[in-house]
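See structure below.
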Amino acid sequence: MSISDHSYEVIDLLAHERGLTRNKLNLSDRLLHDLGMDGDDAVDFFNSVHERFGTDLTHLHEHWSEHFGPEGFSLWNGLVIIPAAVIGGAVAGMTGLSAFWGFVIAVVLLATGFWAMRRWGPPDTTVPITVAEVVAAVGSGSWPSRPQR
């Protein structure tokens, strides 16, 4: 099977996993940053890659946390969500606004908080994985090992 056949099949698998059409995906797309694949979604995708192509993913699993985050709620998200909800509810309660306006205030605070975290928060240290890298691993039969540092 040629590389182009592998790319076609990997893109089909990825499109199915992400609920996208083939023409929305490119070999240069990064799984986490461009396609939003993280946590359990990434685990499911790579399990499907292994099952369908028999690709040995041992080296990827050894460095998994460098590429993907955990599923669920992170501490950093909690540092924005909880105060925004409390402040939104408190402002609405103290000013006599309805719960709807408390919710609106909380959403505005959330958007501002997440924007600030992306801009001034901890840097993103994840190492991106592109669709092309998945295709190459499928073509070679295994995820490449990293050189020793």
Straight-line distance of Glu17 CD to Leu20 CG, nearest 0.5 Å: 11.0 Å

Atom pair CD1 (Ile11) and CG (Asn26), whose distance is rounded to the nearest 0.5 Å: 7.5 Å

With Asp56 via side-chain hydrogen bond (donor to acceptor under 3.5 Å, both in side chains) - residues at least two apart: Thr58

Scan side-chain atoms only and decide if Thr21 and Asn23 contain a donor-acceptor pair under the 3.5 Å cut-off. yes

I want to check something: taking the side chain as every heavy atom from C-beta on, are Leu31 and Thr130 in contact at a cut-off of under 4.5 Å? no

Would you call Asn47 and Leu57 a side-chain contact if the rule is heavy atoms closer than 4.5 Å? no

To the nearest 0.5 Å, how far apart are NE2 in His63 and OG in Ser145? 8.5 Å

Look at Arg18 together with Asp41 and state whether they make a salt bridge at an N to O cut-off of under 4.0 Å. yes

Atom pair CG (Leu32) and CE (Met37), whose distance is rounded to the nearest 0.5 Å: 10.0 Å

Donor-acceptor pair, distance only, cut-off 3.5 Å: does the side chain of His67 make one with the backbone of Pro128? no

Val10, Leu27: one ILVMFWY side-chain cluster at the under-4.5 Å cut-off? yes

Between the main-chain N or O of Ser142 and the side-chain N or O of Ser140, is there a donor-acceptor pair closer than 3.5 Å? yes

Taking all atoms of both residues into account, what is the closest heavy-atom pair of His59 and Trp143, and its distance? CD2-O, 3.3 Å

Across all chains, not counting sequence neighbours, the side-chain contact (heavy atoms from CB on, under 4.5 Å) partners of Ile87 are Val91, Leu109

Hydrophobic cluster membership, Leu13 vs Phe46, 4.5 Å side-chain cutoff: yes

Please report the shortest heavy-atom distance between Ala84 and Ala106, naming the atom on each side. O-CB, 3.5 Å

Side chain to side chain contact (heavy atoms under 4.5 Å, CB included) assessment of Arg30 paired with Leu35: CA-CA 6 Å; Arg30 300 167 299 172; Leu35 302 177; over 6 Å; no

Grouping I, L, V, M, F, W and Y whenever their side-chain heavy atoms are under 4.5 Å apart, do Ile105 and Met94 come out in a common cluster? no

Check whether any side-chain heavy atom of Trp101 lies under 4.5 Å from a side-chain heavy atom of Thr95, and answer yes or no. no

Closest non-hydrogen atom pair between Ser7 and Val135, with its separation: CA-CG2, 3.6 Å

Assess whether side chain to side chain contact (heavy atoms under 4.5 Å, CB included) is satisfied between Val134 and Val49, documenting all intermediate values. CA-CA 9 Å; Val134 176; Val49 167; 4.3 Å; yes

Which value, rounded to the nearest 0.5 Å, describes the distance between Trp64 atom CH2 and Ile129 atom CD1? 6.5 Å

So which atom in Ser98 and which in Ala92 form the shortest heavy-atom distance, rounded to 0.1 Å? O-CB, 3.8 Å

Can you see whether His16 engages Ser48 through a side-chain donor-acceptor pair at a distance of less than 3.5 angstrom? no

Between NE2 on residue His33 and CG on residue Asp38, distance to nearest 0.5 Å: 9.0 Å

